[in-house]
Protein chains: 2
Amino acid sequence: MTAFEVPDIVIGRLPIYLRALNLLFEAGQEFTSSQELGQKLGIGSAQIRKDLSHFGEFGKQGTGYEINYLREQISKILHVDREWAVALVGFGDLGQAIAHYGGFASKGFHIEAIFDNDPAKVGQKTNGKEVHDIKNLAKIVAKLKIKMAIIAVPASAAQTVSDILIEAGIRAILNYAPITLTVPESVQVQYIDPVVHLQRMTYYLV
Amino acid sequence: MTAFEVPDIVIGRLPIYLRALNLLFEAGQEFTSSQELGQKLGIGSAQIRKDLSHFGEFGKQGTGYEINYLREQISKILHVDREWAVALVGFGDLGQAIAHYGGFASKGFHIEAIFDNDPAKVGQKTNGKEVHDIKNLAKIVAKLKIKMAIIAVPASAAQTVSDILIEAGIRAILNYAPITLTVPESVQVQYIDPVVHLQRMTYYLV
């Protein structure tokens with residue numbers, strides 16, 4: 001980490017701040033404070049001020065943060081002030097649910113290409129997108145300049161799919177398969193495994 | 001935190017260790033080491049040894065960890081050596097996908113009651129479970145002694161649903177609604193919001 005690099009844990013909190021600011025904005029509120037945000041998010045107000053101070057001076061003494069300005073600034077910092085094309089690999093039950101989920105597109109993440117290796121699924125259409133043979137992944141990902149992908153294949157296939165994606169130029173992977181992927185340091189990976197979250201909570205239940 | 005309490009961040013890594021151990025076990029492997037686990041998980045081997053040392057002495061000099069023994073021990077620590085009943089609130093697209101997902105039951109988490117407030121959904125059946133009116137939640141959750149719940153309702157309804165669940169005795173919530181919940185300290189909450197994960201990664205993509 002260089003001197004000017006922001007810790008990854010801070011980056012991880014920015015989407016949470018953005019989500020809360022968007023909700024306040026949609027509710028018609030104009031200003032907020034680190035105290036109000038902190039209370040809503042269960043995060044200390046000093047932590048919020050320190051996190052944001054990595055990127056500039058966003059608040060004003062007395063009035064606090066202007067919600068619309070702050071959400072625009074955080075969107076820019078996170079590079080979500082633009083549209084992103086996303087590849088989806090796996091068109092089983094989970095992949096289909098992901099393809100139909102409206103929450104990605106509304107936040108600027110568009111599933112532009114879907115892949116599977118099952119001949120019965122290749123050629124199917126969903127939301128106007130065709131399911132392609134995974135053999136054509138490299139060609140299509142390059143043509144559409146896609147940098148992000150979602151993996152929704154069984155655990156046993158996930159590492160192979162990850163290797164294919166990275167070879168094709170993908171630099172960020174959201175992995176729904178319940179397995180930790182081995183990737184180069186230059187590639188981002190995030191995980192969604194609801195069982196892991198449930199198991200973390202049962203520790204506290206007797 | 002008392003002197004004997006294990007940091008929550010350590011608890012959060014145990015399900016990841018368990019997942020890796022289960023995969024190795026299913027592949028027929030008998031022994032592993034903190035080095036091998038660390039390499040698979042992108043976690044330092046010293047960190048893994050330190051995490052596990054909170055709970056006892058599981059490895060042997062020379063042979064390392066016996067996989068089956070260690071996964072049994074971690075299962076006990078996490079209280080996932082038993083079956084858990086789970087309530088699901090929300091039977092829209094997401095709730096239906098969750099109800100059909102086989103990955104919960106195979107890990108001992110059984111959706112025993114489903115709730116919605118939409119008269120068109122109440123009375124529907126899935127996997128032999130009926131969708132109940134949310135008005136009957138307290139009664140049913142108490143009768144079935146359910147302590148865990150999954151929220152799959154729109155963000156605008158999630159806090160109200162959370163309050164109802166906690167009032168009914170729920171002590172752990174997996175929240176799929178894209179909003180941070182306000183809950184008492186005695187209640188566990190974990191979040192699943194794929195957009196948050198995508199936005200965290202786009203920071204690193206230019």
Side-chain angles (χ1 to χ4, degrees), chain A residues 6 8 11-12 14-16 18-20 23 39-42 75 77-80 82 84 86 93-94 96-98 100-104 106-107 109 147-148 150 155 171-174 176 178-183 188-206, chain B residues 6 8 11-12 14-16 18-20 23 39-42 75 77-80 82 84 86 93-94 96-98 100-104 106-107 109 147-148 150 155 171-174 176 178-183 188-206:
Chain A
V6 179
D8 181 60
I11 304 304
L14 293 184
I16 308 288
L18 181 59
R19 194 172 68 177
L23 284 172
Q39 206 167 10
K40 282 191 179 294
L41 299 177
S75 293
I77 292 163
L78 289 173
H79 306 134
V80 293
R82 65 203 75 176
W84 287 93
V86 180
D93 283 346
L94 177 61
Q96 290 174 35
I98 291 168
H100 295 135
Y101 176 57
F104 288 123
S106 69
K107 297 293 179 188
F109 295 99
K147 294 291 169 206
M148 311 189 80
I150 297 174
R171 290 180 53 211
I173 294 171
L174 183 61
Y176 279 82
I179 181 173
T180 303
L181 300 175
T182 302
V183 302
Q188 302 294 315
V189 186
Q190 291 277 308
Y191 295 91
I192 302 229
D193 183 351
V195 166
V196 160
H197 292 285
L198 290 175
Q199 291 180 330
R200 180 178 185 157
M201 295 195 289
T202 50
Y203 173 79
Y204 297 98
L205 306 182
V206 187
Chain B
V6 179
D8 181 60
I11 304 305
L14 293 184
I16 309 287
L18 182 58
R19 195 172 69 177
L23 284 172
Q39 205 167 10
K40 283 192 179 295
L41 300 177
S75 294
I77 293 164
L78 290 173
H79 305 134
V80 293
R82 65 203 76 177
W84 287 93
V86 180
D93 283 346
L94 177 61
Q96 289 174 35
I98 291 167
H100 294 134
Y101 176 57
F104 288 123
S106 69
K107 298 293 178 186
F109 295 99
K147 294 292 169 204
M148 311 189 79
I150 297 174
R171 289 181 55 212
I173 294 171
L174 182 60
Y176 279 82
I179 181 172
T180 303
L181 300 174
T182 302
V183 301
Q188 302 294 316
V189 186
Q190 291 278 308
Y191 295 91
I192 302 226
D193 183 352
V195 167
V196 160
H197 292 285
L198 291 175
Q199 291 180 330
R200 180 177 186 158
M201 295 194 289
T202 49
Y203 173 80
Y204 297 97
L205 306 183
V206 188

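The chains referred to below are lettered A, B, ... by the order of the sequence lines, with proteins before strands, and numbering in each begins at 1.
- Interface residue Y204(B): backbone and side-chain heavy atoms are both found under 4.5 Å from chain A.
- Looking at V189(B), the atoms closer than 4.5 Å to chain A (heavy atoms on both sides) all sit in the backbone: N, CA, C or O.
- Ranked by non-hydrogen atom pairs under 4.5 Å with chain B, the options V86(A), T202(A), I192(A) are led by T202(A).
- In terms of heavy-atom pairs under 4.5 angstrom with chain B, the leader among L94(A), D93(A), V196(A), V206(A) is V196(A).
- Nearest heavy-atom pair across L198(B) and M148(A) is O-CE, 3.7 Å.
- Each of T180(A), D193(A), L181(A), T182(A) has some count of heavy-atom pairs under 4.5 Å with chain B, and the biggest count is that of T180(A).
- When heavy atoms are compared at a cutoff of 4.5 Å, L41(A) approaches chain B by way of both its backbone and its side chain.
- Residue I77(B) comes nearest to Y203(A) through the heavy atom pair O-CD1, 3.3 Å, listed as atom of the first residue, atom of the second, then distance.
- Only the side chain of L23(B) has a heavy atom closer than 4.5 Å to any heavy atom of chain A.
- Residue with the most contacts toward chain B among I173(A), I98(A), V183(A): I173(A) (heavy-atom pairs, distance under 4.5 Å).
- For R171(A), the parts lying under 4.5 angstrom from a heavy atom of chain B are both the backbone and the side chain.
- Using a 4.5 Å cut-off between heavy atoms, L14(B) does not touch chain A at all.
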- CA sep, side-chain torsions, deciding dist, call: I16(A), Y191(B), side-chain contact (heavy atoms from CB on, under 4.5 Å): CA-CA 11 Å; I16(A) 308 288; Y191(B) 295 91; over 6 Å; no

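- With a threshold of 4.5 angstrom between heavy atoms, A172(B) approaches chain A through its backbone and through its side chain.
- The candidate from G42(B), A97(B), P178(B) with the greatest count of non-hydrogen atom pairs under 4.5 Å with chain A is P178(B).
- Within the 4.5 angstrom heavy-atom criterion, atoms from both the backbone and the side chain of M201(B) approach chain A.
- Annotation for G103(A) and V195(B): closest pair O-CG2, 3.5 Å, computed over non-hydrogen atoms.
- The two atoms that bring P15(B) and Q199(A) nearest to each other are CB-OE1, 3.5 Å, heavy atoms only.
- Counting heavy-atom pairs closer than 4.5 Å to chain A, the top-ranked of the candidates L18(B), I11(B), L174(B), V80(B) is I11(B).
- Contact annotation for I179(A): both backbone and side-chain heavy atoms come within less than 4.5 Å of a heavy atom of chain B.
- Under the ring-ring contact (aromatic ring centres under 6.0 Å, His included) criterion, F104(B) pairs with Y101(B), sequence neighbours left out.
- Residue with the most contacts toward chain A among Q96(B), K40(B), H100(B), K147(B): K40(B) (heavy-atom pairs, distance under 4.5 Å).
- Annotation: the span from H197(A) atom NE2 to Y176(B) atom OH amounts to 8.0 Å, rounded to 0.5 Å.
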